[in-house]
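Because the structure is a prediction, the values reported are computed rather than measured.
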Amino acid sequence: QVQLVESGGGLVQPGGSLRLSCAASGSRFSIYTMGWYRQAPGKQRELVATITSATSTNYADSVKGRFTISRDNPKNTVYLQMNSLKPEDTAVYYCNARLLVLTATTPNNFWGQGTQVTVSS
């Protein structure tokens, strides 16, 4: 089994920055894609950014130019650098990993517990 542990959420003022981290641990595995999703009150969960094993990235239009996703393969960790934060960025942010466990024949999706990001004056 695999666990995703997130950190870095908190309360910031508009225009501020936060850096989220998510580390995968547990069974031996190979990570294909990692990403961040968020869910604001009264809204559906939405994709924020993803990064593949080849470091190809994809961003939601609402965060392009402000957020940067990256990964540290030796640490099995993905990061989300969030700059120029806006009140509409307020949400619970969830880490996601699509990976292949050693004993499996097909990739599976794993989710972190979520971390609260609040942008307010």
Side-chain angles (χ1 to χ4, degrees):
Q1 56 185 10
V2 177
Q3 299 82 42
L4 303 181
V5 180
E6 298 164 298
S7 63
L11 173 65
V12 297
Q13 294 184 330
S17 299
L18 282 175
R19 188 193 190 200
L20 305 183
S21 300
C22 174
S25 63
S27 303
R28 183 177 178 182
F29 54 82
S30 178
I31 298 177
Y32 290 168
T33 302
M34 300 189 77
W36 292 92
Y37 295 72
R38 67 186 182 187
Q39 187 167 20
K43 296 184 178 181
Q44 293 183 307
R45 186 175 298 186
E46 65 175 349
L47 182 148
V48 177
T50 60
I51 183 167
T52 69
S53 59
T55 66
S56 178
T57 58
N58 181 51
Y59 297 92
D61 288 340
S62 60
V63 306
K64 287 181 179 177
R66 300 188 297 118
F67 291 9
T68 302
I69 188 170
S70 61
R71 63 191 295 173
D72 186 334
N73 290 331
K75 296 181 179 179
N76 293 316
T77 300
V78 64
Y79 305 94
L80 185 67
Q81 179 66 47
M82 304 185 293
N83 298 325
S84 302
L85 283 163
K86 305 175 181 179
E88 50 263 44
D89 294 319
T90 296
V92 177
Y93 284 69
Y94 297 91
C95 177
N96 170 264
R98 181 172 177 80
L99 51 82
L100 179 65
V101 178
L102 177 64
T103 57
T105 58
T106 185
N108 290 309
N109 286 314
F110 295 85
W111 292 89
Q113 78 284 359
T115 184
Q116 178 70 47
V117 172
T118 302
V119 185
S120 176
S121 298

*Who passes side chain to side chain contact (heavy atoms under 4.5 Å, CB included) against Ser7, sequence neighbours left out?*
Ser21
*Just wondering, do Pro14 and Ser121 contact through their side chains at under 4.5 Å, heavy atoms?*
yes
*Remaining members of the apolar cluster that contains Val5, side-chain heavy atoms under 4.5 Å*: none
Please list every donor-acceptor pair under 3.5 Å in which a side-chain atom of residues 27-37 meets a protein atom from a residue at least two apart or in another chain.
unit_1	atom_1	unit_2	atom_2	d
Ser27	OG	Gln1	N	2.5
Ser27	OG	Gln1	O	3.1

*side chain to side chain contact (heavy atoms under 4.5 Å, CB included) with Met82: which of Val63, Val117, Asp89?*
Val117
*Spatial distance of atom CG (Asn58) from atom CG (Leu47) [nearest 0.5 Å]*: 6.0 Å
*Would you mind listing the cluster partners of Tyr79? Hydrophobic ones only (ILVMFWY), side-chain contacts under 4.5 Å, chaining allowed.*
none
*Going by the side-chain hydrogen bond (donor to acceptor under 3.5 Å, both in side chains) test, which pairs reach into residues 39-55, not counting sequence neighbours?*
Arg38-Glu46
*Spacing of CZ belonging to Arg66 relative to OG belonging to Ser84, to within rounding of 0.5 Å*: 7.0 Å
*Flag yes if Val12 and Val48 sit in one hydrophobic cluster, no otherwise; membership is Ile, Leu, Val, Met, Phe, Trp, Tyr, and two members link when side-chain heavy atoms are under 4.5 Å apart.*
yes
*Not counting sequence neighbours, list each pair that qualifies as a ring-ring contact (aromatic ring centres under 6.0 Å, His included) and has a residue in residues 53-76.*
none
*Can you tell me which residue pairs pass the disulfide (SG to SG under 2.5 Å) test with a partner in residues 91-121, sequence neighbours excluded?*
Cys22-Cys95
*If you draw a 6.0 Å radius around CD in Glu88, do more than 12 non-hydrogen atoms from other residues or ligands fall strictly inside?*
yes
_Gap separating the CZ atom of Arg19 from the CG atom of Leu80, nearest 0.5 angstrom_ = 10.0 Å
*asked:* Taking salt bridge (Lys or Arg N to Asp or Glu O under 4.0 Å) as the cut-off, I'd like each qualifying pair that reaches into residues 107-116, sequence neighbours left out, listed once.
replied: none
*Write out all pairs satisfying side-chain hydrogen bond (donor to acceptor under 3.5 Å, both in side chains) with one or both partners inside residues 96-118, taking only residues at least two apart or from two chains.*
Gln116-Thr118
*Do you know which two heavy atoms are closest between Leu18 and Leu85, and how far apart they sit?*
N-CD1, 3.9 Å
*Scan for side-chain hydrogen bond (donor to acceptor under 3.5 Å, both in side chains) pairs involving residues 67-77, sequence neighbours excluded, and state none if there are none.*
Arg71-Asn73
*Should Ser25 and Gln3 count as side-chain neighbours, where that means a heavy-atom distance under 4.5 Å?*
yes
*Partners of Ser17 by side chain to side chain contact (heavy atoms under 4.5 Å, CB included), sequence neighbours excluded?*
Gln81, Asn83
*Could you give all pairs that pass the ring-ring contact (aromatic ring centres under 6.0 Å, His included) test and reach residues 81-107, with sequence neighbours left out?*
none
*Mind checking whether Val101 and Val78 sit in one hydrophobic cluster, side chains of I, L, V, M, F, W, Y counted as touching below 4.5 Å?*
yes
